[in-house]
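Accompanying notes for the structure given below.
First listed ligand is number 1; within each ligand, the first listed atom is number 1.
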Amino acid sequence: MQKTDHTPRLLEDLPAAVAGKLALAADEDVLIRVHSDLTDDRTYGAQWVLVTPERVVVAPEAGIDGAVEVAIDQVKVARTEALIGGGSLEIEREAAPTVSVPYSGSMAAKFSEVARGIEQLRKGEPFFINDRLDRTRCEKCNRLLPEKNGICPACIRKLATLKRIASFMAPYKGRAAILAVASVATTVAELMPPLVTKHLIDDVLVPTVGSDLSLADRYDLLGLLVLALIGVRVWSWGAELIHHWVVSWLGARVTTDIRAQLYRRLEMLSVQFYDKRSTGGLISRVSRDAEMMQDFLVDGLPYLIIEGLMIVGIIGFLFSMSWKITLLVLIPVPLTLLWSILFWRRMRKMFNKHSRGWSQLGSRLNEALHGIRVVKAFAQEPRELAAFEERNENLSVVSRGTARNWMALWSTMSLVTGLGILIVWYFGGSEVLRDELSIGTLLAIYSYMWLIYGPMEWFAEVNSWMTRAFAGAERIFEIIDAPPEAYEDPDAVAMPAMQGKVHFDGVTFGYDKSKPVLHEIDLEVAPGEMIGLVGRSGVGKTTTINLVSRFYDVDRGTLSIDGIDIRKIRLQDLRSQIGVVPQEPVLFTGTIAENISYGKPGAELDEIMDAARTANAHKFIMAKPDGYDTMLGERGAGLSGGERQRIAIARAILHDPRVLILDEATASVDVETEKQIQESIARLIEGRTTFAIAHRFSTLRNADRLVVLEAGRIVEIGTHDELLERDGRFAELVRLQREVSAIIAIKD
Ligand code: ADP
Ligand code: MG
C-alpha cells in the first residue's frame with residue numbers, strides 16, 4: 001500500500017479501558033477505528049473495530065476477552081449485510097468462521113466505508129476512506145436530523161450558543177445598556193401601581209381601624225396618590241418609548257450584520273461546500289434564520305429579562321406583604337411547570353413534524369416552479385398539483401394537531417392558575433374578615449398575581465421558541481465557522497504574470513474521497529499549448545479542469561503551474577489568470593454588456609464589442625432590440641443555448657486569461673456557427689495554454705495534443721493524426737461518432 005501523509009483515516013476516540021486491553025504495537029498505523037452500537041447477541045453495547053494495514057481487530061467494549069484478530073491476508077471478503085433496523089459487517093475468513101459486527105441503522109454508512117476500506121487493503125489497492133460521512137442522525141441522542149449533516153436541535157449547548165448570539169450585540173454596547181436600563185425602568189413601573197392602590201384603599205377609601213387621618217387629609221392624599229399614578233404612567237410610557245426605539249434600531253442593525261457576515265462567508269466558501277447542500281436551504285439561512293436570531297436577540301432576550309426581573313420583584317413584594325398568602329399564590333407554579341414540561345415533549349415532536357412538512361412543501365414548490373417548462377412539456381400539471389395538494393393537506397393535519405395541543409396546554413394552564421386565584425380569594429378573604437390583612441393588601445396581592453401568572457404561562461412557550469431560535473443560530477454559525485477558501489493565505493506565492501505551464505503529476509482525485517474519479521493523471525502541458533480532452537461522458541474531463549481552477553484540491557499527487565504547487569499560489573492570482581467557459585454557462589440578470597464584462601468590470605464598450613466579435617456574438621447581439629443594452633432575465637433567460645455560450649466565450653476573451661478552459665463551449669451551437677467560433681477560438685488560443693473539451697472531435701483539430709480519458713485514467717496521448725493512425729481508443733470514438741452522424745444525416 002502506498003502511504004502518504006494525505007491518507008485519510010476514520011478514527012473515533014477509543015475509551016481508555018478498551019485501549020489498555022488491546023495489544024497494539026506502538027508503531028502500528030491504525031487506519032480505521034470505529035465502534036458499533038450492538039453486541040454479538042444484538043443487545044445494546046459496543047464493539048470496536050480496528051484496522052491497520054496488516055490486520056483487523058474486533059473487540060467488545062465490555063469483557064475484552066472476546067477480541068478477535070484477523071490478518072488482512074486471511075480475509076476472504078469484507079462486506080456489509082442489511083438486517084432489520086440495521087446491518088452487520090461481515091468479515092469472511094479463509095479457514096475460520098465469519099466474524100460479524102452488528103450495528104443499528106444510524107451506523108450503516110460508516111460500516112459500509114469500513115467494509116470498503118478493508119477490501120481496499122485486502123486487494124492491495126490504494127487506501128481511501130471517506131472520513132466525512134453524511135450524518136442523518138444525531139451522534140449524541142440518535143434523533144433524526146432535520147437536514148443531512150445538520151444540527152440536532154435537542155443537543156445544542158444552550159449557554160454557549162446564547163453567549164455567541166449575544167456577541168452580535170457587542171459592537172452596540174451603548175445601546176444595549178440603554179435597552180437594559182429601559183427594561184428595568186419598565187419593570188419598576190409595572191410593579192408600582194398595585195402598591196399605590198394599596199394605599200389608596202387602606203389610607204383613603206377604607207381607612208383601617210385606628211387611622212387618625214381627617215377627611216381633608218384623605219382628600220389631599222387621594223390627589224397625591226393619583227398624581228403618583230400619573231407619574232408612574234408617564235414614566236412607563238417614556239421607558240417603553242425608549243425601549244421600542246432602541247429595539248427597532250438594534251433589530252435592523254443586528255440582522256443586517258448577521259446577513260452581511262453570512263453572505264461574506266457564503267461567497268468565500270469552496271465549491272465543495274455547495275456540492276453537499278441545497279441552495280434553498282442556504283437561502284433560508286440568510287433570510288429566515290437570520291431573522292429568527294434577530295427576533296430572539298433584540299426582542300425575546302430583553303423580554304425574557306424583563307419578565308424574569310418582574311417575577312423576582314413580585315415575589316419579593318408578596319413576601320413582604322404576607323408570606324402565608326405568597327405560598328398559596330405559588331402553589332400553581334410547580335404544577336404548571338410540570339405540566340408544561342410533560343406537554344413540551346409532545347409539542348416538540350409536533351413542531352418538528354410541522355417544520356418538516358413546511359420544508360417538503362417548499363422543496364416541491366421550488367422544484368415544480370423552476371421546472372415549470374418540463375412540467376408543461378410533459379403535461380404533468382395535474383400530477384404536480386396532486387403532489388402539492390397532498391403535502392399541503394399533510395401540513396394542514398399537522399397544523400391542526402399542533403393547534404389542538406396548544407389549546408389543551410393553554411387552557412389547562414389557565415384552569416390551574418384560575419384555581420390558584422380562587423384559593424387566594426378564599427384564604428385572603430378570610431384573613432381580611434379576621435382583620436389580619438387589610439383590604440388594600442389583598443387587592444395588591446390580587447393584582448400582583450395577575451402580573452406573575454402572565455409571564456409564567458408565557459415561560460412555557462419560551463422553551464420551544466428558544467429551541468427554534470437556537471437551532472437557527474447554530475445553522476448560521478455552521479456557515480460562519482466553515483473554513484473559507486484560502487484567499488488570504490499569507491504564505492501564498494504571488495504569481496502576477498503566469499506563463500501557463502501546467503503539470504499534473506500522479507494526480508488522484510474523487511469528490512468522495514473513497515471513490516476516486518481521476519487516477520494517477522500524469523500530464524505536462526507547455527505554455528501556450530492546446531490540449532484537447534476527449535472521452536465518453538462521465539470519464540472525468542470536467543473534473544480534470546475543475547482541478548486547474550482549484551475548485552477542488554487533489555487528493556494525491558501534485559498539480560503545479562509554472563512549477564509551483566497550485567495549493568501554494570495566491571488564489572486571486574490563479575483565478576484571475578484562468579478563463580473558463582463552462583459546460584453550462586451562467587449568465588446573470590443585467591444587460592448583455594454587463595454580462596460580457598463580468599470578469600472585467602468597467603471595460604470600455606469597444607473592448608466588449610471586440611470580444612463579442614471574436615466570439616461571433618456581435619451579429620446576434622446587434623439584432624436584439626437594445627443591442628448591448630438588452631436586459632437578460634434570470635440566468636440569461638431570453639437567449640438560446642448557443643447565444644448564451646457565445647456570450648460566455650466573449651466573457652472569457654475579455655478576461656484575457658493565460659490559461660483558457662473551454663468545457664464543451666460549442667456544444668449547443670449549430671455546425672455553421674461552430675465553424676465560425678472555431679476560427680475565433682484559433683485566434684483566441686494563440687499564446688495561451690488551453691484545455692478544450694469538445695463534443696465534436698472536428699473541433700479539436702487545432703489541438704496540439706489530444707488526451708484520451710477512460711474511467712478517470714489517461715489511455716492515449718498524441719496529435720489528432722497520430723491517434724487516428726494508432727487506431728486505438730480515439731480512432732474508435734471517432735468511428736462511433738461518424739456512424740452516429742451518418743445515421744442523423746440519413747434521417748435528415
Ligand atoms: P465529464 O467527463 O463528462 O465531464 P465529469 O468530470 O463531470 O465527467 O464527471 C466525472 C464523474 O464524477 C462522474 O461520474 C460524475 O458523476 C462525478 N461527479 C461530477 N461532479 C460531481 C460532484 N460535484 N460531486 C460528486 N460527483 C461528481
Ligand atoms: Mg463535463
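Put simply, atom 16 (O) of ligand 1 has no protein non-hydrogen atoms near it, under 4.0 Å away.
Closest to atom 2 (O) of ligand 1, if we only count protein heavy atoms, is K541 N, 2.8 Å. Nearest protein heavy-atom contact of atom 14 (O) of ligand 1 is G538 O, 3.9 Å. Closest to atom 23 (N) of ligand 1, if we only count protein heavy atoms, is D275 OD2, 3.2 Å. Protein heavy atom nearest atom 7 (O) of ligand 1, with residue, atom name and distance: T542 CB, 3.5 Å. Given atom 18 (N) of ligand 1, the protein heavy atom at minimum distance is Y511 CE1, 3.4 Å. When only non-hydrogen protein atoms are considered, atom 6 (O) of ligand 1 lies nearest to T543 OG1, 2.4 Å.
A side-chain donor-acceptor contact under 3.5 Å links Y511 and T543. Checking D663 against T542 by side-chain atom types alone, a donor-acceptor pair falls below 3.5 Å. Side-chain contact of E594 with Y598: a donor-acceptor pair under 3.5 Å is absent, judged by distance alone.
Atom CZ in F588 sits 11.5 Å away from atom CG in L632 (nearest 0.5 Å).
Judged purely by atom type and a 3.5 angstrom limit, R265 uses its side chain to pair as donor or acceptor with the backbone of I480.
Taking the six-membered ring where tryptophan is involved, the planes of H720 and F730 are perpendicular, since the angle between them exceeds 60° and thus also 30°.
Distances shorter than 2.8 Å separate the Mg ion (ligand 2) from the protein N/O/S atoms T542 OG1, Q583 OE1.
Both the backbone and the side chain of V539 come within 4.0 Å of ligand 1, counting heavy atoms alone.
For R383, the CZ atom counts as loosely surrounded, since its 6.0 Å shell holds 12 or fewer non-hydrogen atoms of other residues, nucleotides or ligands. Other residues, nucleotides and ligands place no more than 12 heavy atoms under 6.0 Å from the CD atom of E584.
The only option from M498, K568, R567, M495 that meets the side-chain contact (heavy atoms from CB on, under 4.5 Å) definition with L574 turns out to be M498. Tested against I714, the residues T544, V708, L709 include a single side-chain contact (heavy atoms from CB on, under 4.5 Å) partner, L709.
Using a 4.0 angstrom heavy-atom cutoff, G535 does not count as in contact with ligand 1.
Per-residue contacts place V517 under 4.0 angstrom from the following atoms of ligand 1 (heavy atoms of the residue considered): 10 (C), 11 (C), 12 (O). Interface atoms of ligand 1 facing S537, defined by a heavy-atom separation under 4.0 Å, are 3 (O).
Across R550 and I569, no two heavy atoms sit closer than the pair NH1-O, 4.4 Å.
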